[in-house]
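Data block below; observations after.
Computed from heavy atoms alone, side chains included, the values below leave out hydrogens, waters and symmetry copies. Residue indices begin at 1 and follow the sequence shown.
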Amino acid sequence: MSEKRTKKRTVATFGKYFTAPSLKDARKRRKDEDSEIIRDSFEVPEDMVNAGIGRKYYIRTYGCQMNEHDTEVMAGIFELLGYEKTELTAEADIILLNTCAVRDTAENKVFGELGHLKYLKASRPDLLLGVCGCMSQEEEVVDTILRKHQHVDMIFGTHNIHRLPQLIKEAYMNKEMVVEVWSQEGDIIENLPKTRLGDLKAWVNITYGCDKFCTYCIIPYTRGKERSRLPEDILAEVEELAQKGYQEITLLGQNVNSYGNDLNGGVYGFANLLEAVQKIAIPRVRFTTSHPWEFTDEMIKIISKGGNMMPHVHLPVQSGSSAILRKMGRLYTREEYLTLYNKIRKNIPNVSITTDIIVGFPNETAEQFEETASLVEQCAFDGAYTFIYSQRDGTPAAKLNDNVPIQEKKQRLQTLNALVNEAALKRNGHFLGEVVEVLVHGESKKNAAVLSGYTPQNKLVNFVGGKDLIGKRLEVKVIQVKNWTLDGEVHNG
Ligand code: SAH
Ligand code: SF4
Ligand code: F3S
């Protein structure tokens, strides 16, 4: 790594390893430089090679699929060091909280958990407690942990995961909290170990970071510059997963459409990647998230060819008001979104489309909310994740004075959810009596006699069946539909 790339804001007060985060540095984008693909920066110090033997690790993951996949990488590193996984904090020798910063509710959960873990740590001083993930990238969070949660042993950022062996070593050796958070990173670290959480479905990163800077969103700061993995690395990973018998992969990026923009002048984009993955013998391919911006006709054409491309598009709209969309920095208007939405519905057979919506953006008027409500009615999404706007310090929207009372925002959310549920139920109704293909992933969380799995459209189906069906793709007849799930029975011929 060049010196420029490793430049960090180092604060000496808290011990030699203190590298503080800076949202201001995280905002910087070095347009002049391509990301470096680094294949040799992961190393295990000699005295850490078997450091985990006889010890157990526990990771709690908050937030999105990116974080889930980072957890798999950290699990891989722990296991390489000899640690064994545990599901119980009480028997863990090391606990990591892999955090999410996207809304205050996510952050509050983590602070709550840190409070609980204080007692465990007090009874077991040898326990190592670490905080990683997106919250670690925020200086305010790090300051709060330093002030109020002295029982934390280490904090490290989203760009420092490959340094886990060194950080654990430092934490064992140091009395002070070990903090290492790089803010201005823009590289891709390949060849990290991974222990995948399942043997049926797998995440495959295609891009890291985000350059969209929607005005409400913290992710471009916590995840850094948008950078694409090389096609050959992605395709080799998918091939390997296919050979290992995985049934489904999900290509991951904050905005998968912009895949490749930073490689070789953007000649090989997401549509090319999809086309290449379509040829690999993996039964199901999904991707998330696609921004309505740069969702090309070529992408639609490839997905509509079917094969292993699953007919589901998650297309976050965020708001139905063009004025709010402009303030959010979303780059499209209500009309442009609707045009794209209709094009996808028309061209991809049996597609399901889901979305994300934020209500109560600063100063959102009742009329502007009505525009969101009418868009939801018009689109009749298959499903939607709905959120009340949460102010994220350091983002442009945080500077806006907000005149909408929280009670009003809650009311809007309720109104919206009723519309979302109504539409989802209507869409699900189309499947009643139909025979659908379900990839059975396991027992239902609520009832062990019931199995669950997903259809190509990503609809969750529950049905009665024996454990031997887990891992199979089979035909299920839909006998009842609900807002978010379908009930079915195994179809015999
Ligand atoms: N990259 C994805 C979104 C990732 S975050 C995309 O652009 O679509 C997932 C969702 O969280 C977003 O789509 C948005 O609806 C929501 N979100 C992000 N920041 C938020 C905030 N400050 N307050 C409330 N919801 C937010
Ligand atoms: Fe956040 Fe927007 Fe980037 Fe999505 S595209 S991660 S909402 S800044
Ligand atoms: Fe949360 Fe970070 Fe994902 S903020 S949503 S875990 S990228």
Side-chain angles (χ1 to χ4, degrees), residues 4-14 17-31 33 35 62-64 66-67 70 97-111 114 130-149 152 154-161 163 167 177-188 207-227 253-255 318 327-330 358 361-362 387 389-402:
K4 194 164 153 205
R5 288 186 179 282
T6 53
K7 208 176 89 198
K8 301 154 225 139
R9 189 162 75 93
T10 305
V11 180
T13 342
F14 301 96
Y17 253 70
F18 193 88
T19 317
S22 153
L23 288 180
K24 202 161 150 248
D25 284 352
R27 189 172 18 227
K28 292 180 186 152
R29 293 292 185 265
R30 298 158 316 195
K31 291 266 183 258
E33 275 181 74
S35 300
Y62 303 81
C64 67
M66 294 285 166
N67 256 17
D70 284 352
L97 303 184
N98 190 9
T99 64
C100 170
V102 79
R103 283 173 291 276
D104 54 358
T105 42
E107 296 207 346
N108 293 340
K109 274 189 215 156
V110 171
F111 282 119
L114 280 179
V131 175
C132 57
C134 288
M135 278 170 74
S136 308
Q137 298 294 136
E138 299 176 287
E139 49 257 52
E140 275 216 23
V141 167
V142 172
D143 285 349
T144 306
I145 294 176
L146 283 166
R147 274 187 291 108
K148 295 195 184 155
H149 300 278
V152 170
M154 58 178 180
I155 305 178
F156 59 97
T158 57
H159 306 295
N160 303 70
I161 289 174
R163 301 246 318 134
L167 292 165
M177 208 183 290
V178 170
V179 182
E180 188 181 276
V181 183
W182 297 349
S183 293
Q184 207 191 329
E185 288 300 301
D187 297 323
I188 291 178
T207 65
Y208 298 97
C210 181
D211 285 348
K212 285 283 175 291
F213 288 101
C214 302
T215 57
Y216 52 81
C217 184
I218 195 76
I219 293 173
Y221 308 81
T222 64
R223 292 278 166 173
K225 171 186 153 100
E226 188 170 84
R227 52 219 191 270
Q254 289 303 342
N255 173 18
Q318 314 298 2
K327 287 186 187 154
M328 287 177 162
R330 285 295 286 187
I358 298 175
F361 187 78
F387 311 102
Y389 167 76
S390 169
Q391 180 180 315
R392 305 286 75 207
D393 288 344
T395 62
K399 297 199 185 84
L400 302 172
N401 272 330
D402 188 6

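- Rounding to the nearest 0.5 angstrom, the gap separating the OG1 atom in T99 from the CD atom in Q137 is 9.0 Å.
- The closest donor-acceptor contact from the side chain of T158 to the backbone of C134 lies at 3.5 Å or more, if one exists at all.
- Using a 4.5 Å cut-off on side-chain heavy atoms (C-beta onward), K225 and Y208 make no contact.
- Two residues are said to be in side-chain contact when any heavy atoms from C-beta on lie closer than 4.5 Å; S136 and F156 fail this criterion.
- Counted within 6.0 Å of NZ on K109, heavy atoms from surrounding residues, nucleotides or ligands total 12 or fewer; the atom is thus considered open.
- For the ring-ring contact (aromatic ring centres under 6.0 Å, His included) test, residues two or more places apart in sequence or in another chain that qualify with Y221 are F213.
- Side-chain contact between V142 and E139 is absent, with no heavy-atom pair separated by less than 4.5 Å.
- Put simply, the side chain of R29 gets close to the backbone of A26: a donor and an acceptor are under 3.5 Å apart.
- N98 places a side-chain N or O within donor-acceptor distance of the main-chain N or O of N67, the cut-off being under 3.5 Å.
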Could you give me the CA-CA distance, side-chain angles and deciding distance for R392 and Y216, then say whether side chain to side chain contact (heavy atoms under 4.5 Å, CB included) is met?
CA-CA 7 Å; R392 305 286 75 207; Y216 52 81; over 6 Å; no
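- Taken from CD in Q391 to NZ in K399, the straight-line distance is 10.5 Å, to the nearest 0.5 Å.
- Of the possible donor and acceptor atoms, one in the side chain of N160 sits under 3.5 Å from a partner among the backbone N and O of W182.
- The shortest distance between side-chain heavy atoms of D187 and H159 does not fall below 4.5 Å.
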Kindly indicate, with the supporting measurements, whether the criterion side chain to side chain contact (heavy atoms under 4.5 Å, CB included) is fulfilled by T144 and R147.
CA-CA 5 Å; T144 306; R147 274 187 291 108; 3.7 Å; yes
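- Evaluated for a side chain to side chain contact (heavy atoms under 4.5 Å, CB included) with L167, the options V179, I155, V178 yield exactly one hit, V178.
- To the nearest 0.5 Å, atom CZ of residue R227 and atom SG of residue C210 are 11.0 Å apart.
- Side chains of C64 and Q254 form a contact here, defined as non-hydrogen atoms less than 4.5 Å apart.
- No donor-acceptor pair under 3.5 Å is formed between the side chain of R330 and the backbone N or O of T215.
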Do F111 and K148 pass the side chain to side chain contact (heavy atoms under 4.5 Å, CB included) test, and can you show the C-alpha distance, the side-chain angles, and the key distance before you say yes or no?
CA-CA 10 Å; F111 282 119; K148 295 195 184 155; over 6 Å; no
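- For the pair C217 and T395, the tightest heavy-atom approach, listed with the atom from each and the gap, is O-CG2, 3.4 Å.
- Distance CE/M135 to CD1/I218: 11.0 Å, rounded to 0.5 Å.
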Can you list the steps and then say if V110 with Y62 is a side chain to side chain contact (heavy atoms under 4.5 Å, CB included)?
CA-CA 8 Å; V110 171; Y62 303 81; 3.8 Å; yes
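- Side-chain atoms of M154 and E180, non-hydrogen and from C-beta on, never get closer than 4.5 Å to each other.
- To the nearest 0.5 Å, atoms CZ (R223) and CE (M66) are separated by 7.0 Å.
- Atom CD of residue E140 and atom CD1 of residue I145 lie 12.0 Å apart, to the nearest 0.5 angstrom.
- The backbone N or O of S22 sits less than 3.5 Å from a side-chain atom of S183, completing a donor-acceptor pair.
- Considering every non-hydrogen atom in both A397 and P362, the closest pair reads O-CG, 4.2 Å.
- Residues V102 and F387 fail the side-chain proximity criterion, which asks for heavy atoms closer than 4.5 Å.
- D211 contributes a side-chain N or O that, together with a main-chain N or O of E226, makes up a donor-acceptor pair within less than 3.5 Å.
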